[in-house]
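Inspection log for the structure reproduced underneath, given as structure tokens.
Here is the naming used below: chain letters follow the sequence lines, and residue numbers restart at 1 for every chain. Please read these numbers as outputs of a predicted model, since none were measured by experiment. Just so you know, these numbers use all the heavy atoms, side chains as well, and skip hydrogens, waters and symmetry mates.
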Number of protein chains: 2
Amino acid sequence: MFGVNFFHAERQAFINESNGDRVQKYITILKRTKLFSGVSEEEIASMLSCLDARLRHFQKGEYVLRQGESLADITVLAEGALHIQRDDYWGNRAIVNRVSVGDMFGEAYLAPESGAVLNDVIAVENSTVILFDVRRIITVCSSACRFHAAVIQNLFYALSEKNRILVQKLGYLSKRTTREKLIAYLSEEAKRQNSPSFTIPFNRQQLADFLSVDRSAMSKELCKMRDEGLLAFEKNQFRLL
Amino acid sequence: MFGVNFFHAERQAFINESNGDRVQKYITILKRTKLFSGVSEEEIASMLSCLDARLRHFQKGEYVLRQGESLADITVLAEGALHIQRDDYWGNRAIVNRVSVGDMFGEAYLAPESGAVLNDVIAVENSTVILFDVRRIITVCSSACRFHAAVIQNLFYALSEKNRILVQKLGYLSKRTTREKLIAYLSEEAKRQNSPSFTIPFNRQQLADFLSVDRSAMSKELCKMRDEGLLAFEKNQFRLL
DNA sequence: ATTGTTTCGTTGTAAAAACAACCGACTTGT
DNA sequence: ACAAGTCGGTTGTTTTTACAACGAAACAAT
């Protein structure tokens with residue numbers, strides 16, 4: 001089987017047998033990612049072996065990365081959804097981030113000095129991950145890959161962007177009260193989705209974990225804000241007033 | 001004057017007049033930065049114009065970057081010290097980070113999609129900043145700069161590393177209580193400095209801002225922890241027991 | 001239809017943090 | 001030497017949060 005093949009033989013190349021149509025599916029996905037933005041499908045196909053691309057599949061609930069593991073690959077989520085989360089010594093779970101299709105993850109641990117991965121990455125849906133050898137990406141190969149330079153630029157901008165997102169989340173968490181955290185997050189999300197009415201990708205427990213507050217206290221605060229006329233909501237649909 | 005020259009004529013090249021010894025001083029500094037790690041002084045000198053390097057000087061207390069400004073340069077601190085900080089609508093100041101000599105900063109806002117700078121950057125000492133055009137760095141020039149590839153790798157690893165540091169700080173801030181935040185920060189710092197006895201680069205107010213807690217409450221908690229025998233401290237010298 | 005599960009709101013209580021105000025020890029500048 | 005400013009600790013009060021426990025609604029499985 002295709003999936004099992006790649007799962008158990010990590011170093012196997014992306015394109016190997018007569019799995020052209022399946023490969024084509026992932027090339028189509030890659031084409032839409034930031035990493036390969038501006039690179040045609042043909043060029044992606046020709047770069048896959050150059051970059052040592054590999055596939056791995058994960059069932060819902062499975063660990064994609066565990067705290068303490070080390071990582072030497074750039075990873076892109078091709079199907080499904082992941083949560084990057086962290087459990088401290090007494091079970092407090094914080095969702096550091098949510099990974100959607102096309103996102104990279106784990107790229108913070110690729111520098112030679114950086115040690116082991118600090119978070120768990122877990123599949124919240126059945127998921128497929130594509131891995132690339134980091135050294136092959138950032139080492140410019142002389143001639144073969146014309147569009148290697150474009151991928152390097154994309155990678156740089158993606159890292160820069162992720163950096164900004166982390167800074168943004170630091171902005172939420174540096175607020176002292178639950179209300180301030182909610183206002184910071186929700187108004188940012190409204191701005192991002194360009195509408196005072198928007199959907200968040202979390203249920204209550206997940207949002208509380210994301211903002212590192214107690215769920216019931218957050219629920220209380222949300223309802224208080226609703227009663228004060230600051231906002232309206234139903235499930236994960238919010239509207240700022 | 002040298003400094004005034006560069007301050008008022010931003011686009012002026014790094015090497016221009018008979019300022020060889022002053023330039024040499026900054027080349028020596030750059031050689032020790034992560035960005036130019038593994039690149040010789042001669043090679044740095046030859047790359048400076050290629051990368052459109054510029055100098056700017058700031059007095060203690062001056063703003064290096066303001067919230068809302070945009071940025072198209074990679075910035076390296078050559079002398080002095082900066083604080084990256086954020087004031088919210090009601091004056092709560094959070095020190096997002098401290099920038100030391102050799103560090104890059106502001107690299108989160110370089111992606112075309114990323115908007116304005118979200119934080120203030122302020123000089124806490126008289127400081128000198130070196131700026132490089134980001135597009136010139138990540139666009140591989142065909143022949144001129146042999147060591148351009150090394151700089152690209154360094155830049156990538158630096159961004160990755162900074163990413164990890166942000167994730168780490170998120171780890172501190174996602175703790176719910178002041179005590180937990182202190183323990184997380186201090187034990188991490190002890191690990192980093194490889195000793196249970198270590199110095200932190202903050203005074204109390206700055207540490208409180210860094211961890212986004214109230215100074216007096218933090219002071220109270222520190223003393224309580226000291227009385228419980230968890231740690232000892234004097235000024236910014238700490239020892240975990 | 002009923003049982004179990006998940007999600008979300010609610011309540012009361014205990015713990016923790018913010019806030020404000022103040023004090024003493026040290027620096028710094030004149 | 002002295003005034004002004006900085007820094008860190010302390011205290012008391014108010015506000016906020018965590019925590020635990022419960023209940024209703026929605027949904028899925030048997």
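- Taking the six-membered ring where tryptophan is involved, the planes of B:Phe202 and B:Tyr185 are tilted, since the angle between them lies from 30° to 60°.
- A:Ile200 places its CD1 atom 13 Å from the P atom of C:dT7, with the value rounded to the nearest Å.
- Taking atom CD of residue B:Gln205 and atom P of nucleotide D:dT6, one finds them 12 Å apart after rounding to whole Å.
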Using the rule given for salt bridge (Lys or Arg N to Asp or Glu O under 4.0 Å), can you reason through B:Glu125 versus B:Lys60, listing the C-alpha separation, both sets of side-chain angles and the distance that settles it, and then say yes or no? CA-CA 4 Å; B:Glu125 301 171 12; B:Lys60 175 177 179 176; over 6 Å; no
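- At whole-Å resolution of the value, CD in A:Glu180 and P in C:dA18 are 11 Å apart.
- Distance, B:Arg179 CZ to C:dA15 P: 14 Å, rounded to whole Å.
- Dashed line: the shortest gap from a side-chain N or O of A:Thr177 to OP1 or OP2 of D:dT16 is not under 4.0 Å.
- Between A:Glu161 and A:Lys34 the shortest side-chain heavy-atom distance falls below 4.5 Å.
- Remark: the backbone N or O of B:Ile200 is paired with a side-chain donor or acceptor of B:Asn236 at under 3.5 angstrom.
- Side-chain N/O atoms of A:Tyr109 and A:Asn119 include a donor and acceptor closer than 3.5 Å.
- Rounded to whole angstrom, the span from the CG atom of A:Leu207 across to the C1' atom of C:dT7 amounts to 14 Å.
- For the pair B:Val117 and B:Arg66, the minimum side-chain heavy-atom distance is 4.5 Å or more.
- Considering only the side chain of A:Val213, D:dA18 comes nearest among D:dT16, D:dA18, C:dC8.
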Checking ring pair (Phe, Tyr, Trp, His ring centres under 6.0 Å) for the pair B:Phe198/B:Phe233: CA distance, chi angles, key distance, verdict? CA-CA 9 Å; B:Phe198 55 91; B:Phe233 56 85; over 10 Å; no
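- Side-chain atoms of A:Leu182 and A:Glu221, non-hydrogen and from C-beta on, do get closer than 4.5 Å to each other.
- For B:Arg204, the side-chain atoms get nearest to D:dG8 when compared with the rest of C:dA17, D:dT17, D:dG8.
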Evaluate the criterion salt bridge (Lys or Arg N to Asp or Glu O under 4.0 Å) for residue pair A:Arg215 and A:Asp209; output intermediate values, then yes/no. CA-CA 8 Å; A:Arg215 181 196 61 80; A:Asp209 287 343; over 6 Å; no
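- Between A:Leu182 atom CG and C:dG9 atom C1' there is a gap of 15 Å when expressed in whole angstrom units.
- The backbone N or O of A:Phe105 lies less than 3.5 Å from a partner atom in the side chain of A:Thr75, making a donor-acceptor pair.
- Put simply, CG on B:Asn203 is 9 Å from C1' on D:dG8, counting in whole angstrom units.
- Within residues 217-228 of chain A, the residues approached by DNA chain C to less than 4.0 Å at the level of any non-hydrogen atom are A:Ser219, A:Lys220, A:Cys223, in residue-number order.
- The residue B:Ser216 sits close to a base: some heavy atom pair falls under 4.0 Å.
- Each end of the helix from C:dA1-D:dT30 to C:dT30-D:dA1 gets its own rotation axis from five pairs of C1' atoms, and the angle between them is 50° to the nearest 10 degrees.
- Listed by residue number, there are no residues of residues 234-241 of chain B with a heavy-atom contact under 4.0 Å to DNA chain C.
- In this structure, the CG atom of A:Asp214 is 14 Å from the C1' atom of C:dG12, given to the nearest Å.
- Contact between A:Glu62 and A:His57 at its shortest, heavy atoms only, is OE1-O, 4.4 Å.
- Counting only distance, with no hydrogens or angles, the side chain of A:Thr33 and the backbone of A:Leu30 share a donor-acceptor pair below 3.5 Å.
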